Engineer: 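Before anything else, here's the structure in question.
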Amino acid sequence: MKNCPTLIRENAIKKLKGNKPCEKSKPVVDKFFYYLDCYCAELKQTEDDVLFNDEHYEMVWGLFSNIVLKEEVV
């Protein structure tokens, strides 16, 4: 599955609201939430602050996809 940032964002918001994300994106969403929690703790942000702010989300997604997702390919 191609990891579309918009799809991951939508499913991350679902998970944040207590719903289950799409099964196909669940492994990536779970990894993203782990990364998101670390980011939020370091910068004193909440998940809402990141997921509902385009600038913050794009920065976190860019770091996540470059570090975490590219490690899987190597």
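Small disclaimer: the values here were computed from a predicted structure and weren't measured.
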Engineer: Taking Tyr39 for the side chain and Gln45 for the main chain, is one N or O donor matched with an acceptor at less than 3.5 Å?
Structural biologist: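 No: the side chain of Tyr39 does not pair with the backbone of Gln45.
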Engineer: According to the interplanar angle, ranging from 0 to 90°, do the rings of Trp61 and Phe64 count as parallel (below 30°), tilted (30 to 60°) or perpendicular (above 60°)?
Structural biologist: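 Aromatic pair Trp61/Phe64 classed tilted.
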Engineer: Taking Gly62's backbone N and O only, do any of them form a donor-acceptor pair with Asn66's side chain (distance below 3.5 Å, no angle check)?
Structural biologist: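 Yes; judged by distance alone, with no hydrogens or angles, the pair exists.
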Engineer: Just verifying a value: how many Å separate His56 NE2 and Thr46 OG1, rounded to the nearest 0.5 Å?
Structural biologist: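 So the NE2 of His56 and the OG1 of Thr46 are separated by 10.0 Å.
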Engineer: Specify the closest pair of heavy atoms between Tyr57 and Pro5, including all atoms of both residues, with the distance to one decimal.
Structural biologist: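 Closest pair (atom of Tyr57, atom of Pro5, distance): OH-O, 2.7 Å.
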Engineer: Rounded to the nearest 0.5 Å, what separates atom NZ in Lys14 from atom SG in Cys22?
Structural biologist: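 Lys14 atom NZ to Cys22 atom SG measures 7.0 Å (nearest 0.5 Å).
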Engineer: Is there side-chain contact between Asp37 and Glu47, with heavy atoms separated by less than 4.5 Å?
Structural biologist: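 Result yes, sub-4.5 Å side-chain heavy-atom pair found.
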Engineer: Are Asp54 and Arg9 side-chain neighbours, meaning at least one heavy-atom pair lies under 4.5 Å?
Structural biologist: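 Yes, close enough: below the 4.5 Å cut-off.
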Engineer: When you compare the side chain of Ile67 with that of Tyr35, does any pair of heavy atoms fall below 4.5 Å?
Structural biologist: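 The answer is yes, as the side chains (C-beta and beyond) meet within the 4.5 Å cut-off.
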Engineer: How long is the gap from NZ on Lys26 to NZ on Lys20, to the nearest 0.5 Å?
Structural biologist: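 If we round to the nearest 0.5 Å, Lys26:NZ and Lys20:NZ are 8.0 Å apart.
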Engineer: Might you confirm whether atom CZ of Phe52 has over 12 heavy atoms from other residues, nucleotides or ligands at distances under 6.0 Å?
Structural biologist: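 Yes, CZ of Phe52 has more than 12 neighbouring heavy atoms, counting only those of other groups under 6.0 Å.
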Engineer: Applying the 4.5 Å side-chain criterion to the ILVMFWY set and letting contacts propagate, would Val28 and Tyr34 be lumped into a single cluster?
Structural biologist: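 As far as the 4.5 Å side-chain criterion goes, Tyr34 and Val28 are not connected within one cluster.
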Engineer: When you compare the side chain of Val50 with that of Cys40, does any pair of heavy atoms fall below 4.5 Å?
Structural biologist: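 A side-chain contact exists here, since the closest heavy-atom pair is under 4.5 Å.
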Engineer: Would you give the length of the straight line joining atom CG of Leu16 to atom CG of Asn11, rounded to the nearest 0.5 angstrom?
Structural biologist: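 One finds 12.5 Å between CG of Leu16 and CG of Asn11.
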Engineer: What's the separation between atom CG in Asp30 and atom OG in Ser25, rounded to the nearest 0.5 Å?
Structural biologist: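 With rounding to 0.5 Å, CG (Asp30) is 9.0 Å from OG (Ser25).
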